[in-house]
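Chain identifiers are assigned alphabetically (A, B, ...) following the order of the sequence lines, protein sequences preceding nucleic acid strands; residue numbering begins at 1 within each chain.
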Amino acid sequence: MHSLDTSKESKEKARAAAAKKARFGEDIELAKYEHAAAELPYQEDLSVISGDAKSQMLQTGVVVDDTSQRSGTIIQMDHSVIHSITKQDDIEVMSTMKALEKYDWLAEYMWKAVAVDADKYTAHVELNPGNGYFIRALPGSKTVYPVQACLYIGKKNLAQSVHNIIIAEEGSELHIITGCTTAPREEPAMHLGVSEFYIKKGAKISFTMIHNWSPETEVRPRTGVIMEEGGIYLSNYIIMKPVKSLQANPIARCNGNNTITRFNSIVLCPPGSNMDLGSQVILNGAGSRTEIISRAITTGGNIVARGYIEGNAPDVKGHLECRGLILKGDGHIHAIPELKGNLAGIDLSHEAAVGKIAEEEVEYLMMRGLTRDEATATIVRGFLRVEIEGLPPELTAQIKQAVETAEKDLM
Amino acid sequence: MSDTTLEIKDLSVEVEGRQILHDINLTIKTGETHVLFGPNGNGKTTLLMTIMGSPKYRITKGNIILKGTDITNLPMDERARMGIGMSMQRPPVVRGVKTRDMVTACARGRESDDELNSIFLSTNLNELVDRDINYGFSGGEIKRSELAQLLAQKPDLVLLDEPESGVDLVNIALIGHLINQLLQKKHPIRERMRSGLIITHTGHILDYVDARTGYVMLAGTIICEGDPHEILKTIVKKGYEECRKCIA
């Protein structure tokens, strides 16, 4: 196992935060997991991946049999990057370890968008490095198709540790689809994933992440985004399958003027699942805009749906929309939208709603000849439909497919 | 095939334990359009919603017969599939469900894309097809959207609840035209297969749509039946007070 070349200072901070509980979510005892995994061989040919693993990956939008619609692919299994390839000269795709070996300057990007001592999980990733992916769009480049990245846990009881760095250099446009999944077994595992995004002047990143964990997995992603002038960040997060415990609250710091940030999340929480999910946007650059849209459905699991927008610069605008649907079961949805304005002339708003499907809506559709089940399915489909702009058609189709697959299970 | 589309026999209905309709009798032959007058809050919408089968409206007595079949105990989706279509006065917003989805669902696969597009064009809905159904719609837009759904559904019995309410003068002519299209008014009556029951508070819709029979409903009872234009003339001239004298 290689070791990431991170600074002594980071290690010290991490050691000091090794027992620091996270602000949100239940505290997870890291010692119950294994932290080392065997080094897996690099695979040039993805056809050697097992059918089960392929199927799990496919449910997260990661395709391995035909990658013609992808500009690049990187797959990490446990702690080994088993495959990485780019089809464009101006898009770099490799393991974080390899990138740190290749570029001295990359160390400067480590732990700038996410604090190493944010909590015990970030500290763990620093102290127990387990690789991750590095994706970089060179200045002015544009991905023809999305780059796909997969983080797969195959080993039982492993705490997968991942540190990803994504950089969109000036004027570039980068589309990424990330699938996080496990072997199709009901075995405990944990995923600790740090992702740091750097969006330079006039650059754009769309990041679509689909989670498909086993019901016994505990998940603590930690994501930070730093944006320069005119940067655009579009995040789409989808989880439609059970997970034991998931807590994430990515933060975008819009430091440049006139940035655009959009967080869309579509969440289905089955019985036995606990999901505490949010998005935070700090509008530090004048004229920046953001929108946080979340749709959460529980069929018995518990959801906390957070949202936070802070306006610190003139003429910023932000809207937060959080809607929850209690479809069945005895789960709960706790919506916590928060706005903070620190100067005059900003425009922040939110709307939040939690409830069941309105009977009058069901009847309205039944009045048109739909059965009760068809009417309910149509309303749920509509509820989960989030208008997503700025994505290549392949990604829009992928999101649609992920949602439609879950709808079938739901009904 | 029955030449009677709708037959209502001795129908009494309660809502949340309160009796609203009393002993309603009404027959609409195939191809005919009837109009129901009455002040607000006297049971007109209750009658339409009961015919449609909304579970909130509980039938305590009587029967509803559609094209010879007793539908008194059938759920509303079955009634819709058997040929009843209704335009609501204030339909709900369904977020995320687009106008196009609703109209397509109404067609239940019978209409081609071209035919659906022609419905959107004739109802002047092209700008609304990709918007959430009824969300932020004006009065006229709601009515046009409801009629587009019915044009796709092609019901044998068309129930229209106040089709002119909230509609401006420009739109009301279009609404009238669409209702005539829906009720096959271009055809001679013997060739019409669709029947209609229209609730109107103001009677304006009669300037655009011909109807054969009119009723006045007061306090949940049909107290008068006759030529709709004559009834309207009386109401305009003397108000519903004149009608109340008939039951005094």
*Apply side chain to side chain contact (heavy atoms under 4.5 Å, CB included) to B:D168 and list each qualifying residue two or more places apart in sequence or on a separate chain.*
B:V170, B:N171
*Kindly compute the distance separating CD1 (B:I205) from NE2 (B:H201), expressed to the nearest 0.5 Å.*
14.5 Å
*Are any side-chain N or O atoms of B:N117 and backbone N or O atoms of B:D113, one a donor and one an acceptor, separated by less than 3.5 Å?*
yes
*Which pair of heavy atoms, one from B:M217 and one from B:K44, lies closest together, and at what distance?*
SD-N, 3.5 Å
*When you check the side-chain N and O atoms of B:S195 and B:T30, is any donor under 3.5 Å from an acceptor?*
no
*Let me know if B:M52 has heavy atoms under 4.5 Å from chain A in its side chain, its backbone, both or neither.*
side chain
Between chain B and chain A, going by a 3.5 Å limit, which atoms form donor-acceptor pairs, if any?
| from | atom 1 | to | atom 2 | distance (Å) |
| --- | --- | --- | --- | --- |
| B:S54 | OG | A:E363 | OE1 | 3.0 |
| B:R81 | NH1 | A:G369 | O | 2.9 |
| B:M86 | O | A:R368 | NH1 | 2.5 |
| B:M86 | O | A:R368 | NH2 | 3.2 |
| B:G96 | O | A:R385 | NH1 | 3.0 |
| B:K98 | NZ | A:E387 | OE2 | 2.9 |
| B:D101 | OD2 | A:R385 | NH1 | 3.0 |
| B:D101 | OD2 | A:R385 | NH2 | 3.3 |
| B:R108 | NH1 | A:G369 | O | 2.8 |
| B:N134 | ND2 | A:Y364 | OH | 3.3 |
| B:E146 | OE1 | A:R368 | NH2 | 2.9 |
| B:E146 | OE2 | A:Y364 | OH | 2.3 |
| B:E146 | OE2 | A:R368 | NH2 | 3.3 |
| B:Q149 | OE1 | A:R368 | NE | 2.6 |
| B:Q149 | OE1 | A:R368 | NH2 | 3.3 |
| B:Q149 | NE2 | A:Y364 | OH | 3.2 |

*Does one side chain, of B:Y208 or B:H177, offer a donor that lies under 3.5 Å from an acceptor on the other?*
no
*Donor-acceptor side-chain pairing of B:D114 and B:S112 below 3.5 angstrom*: no
*asked:* Does any backbone or side-chain atom of B:M82 lie under 4.5 Å from a heavy atom of chain A? Answer side chain, backbone, both or neither.
replied: neither
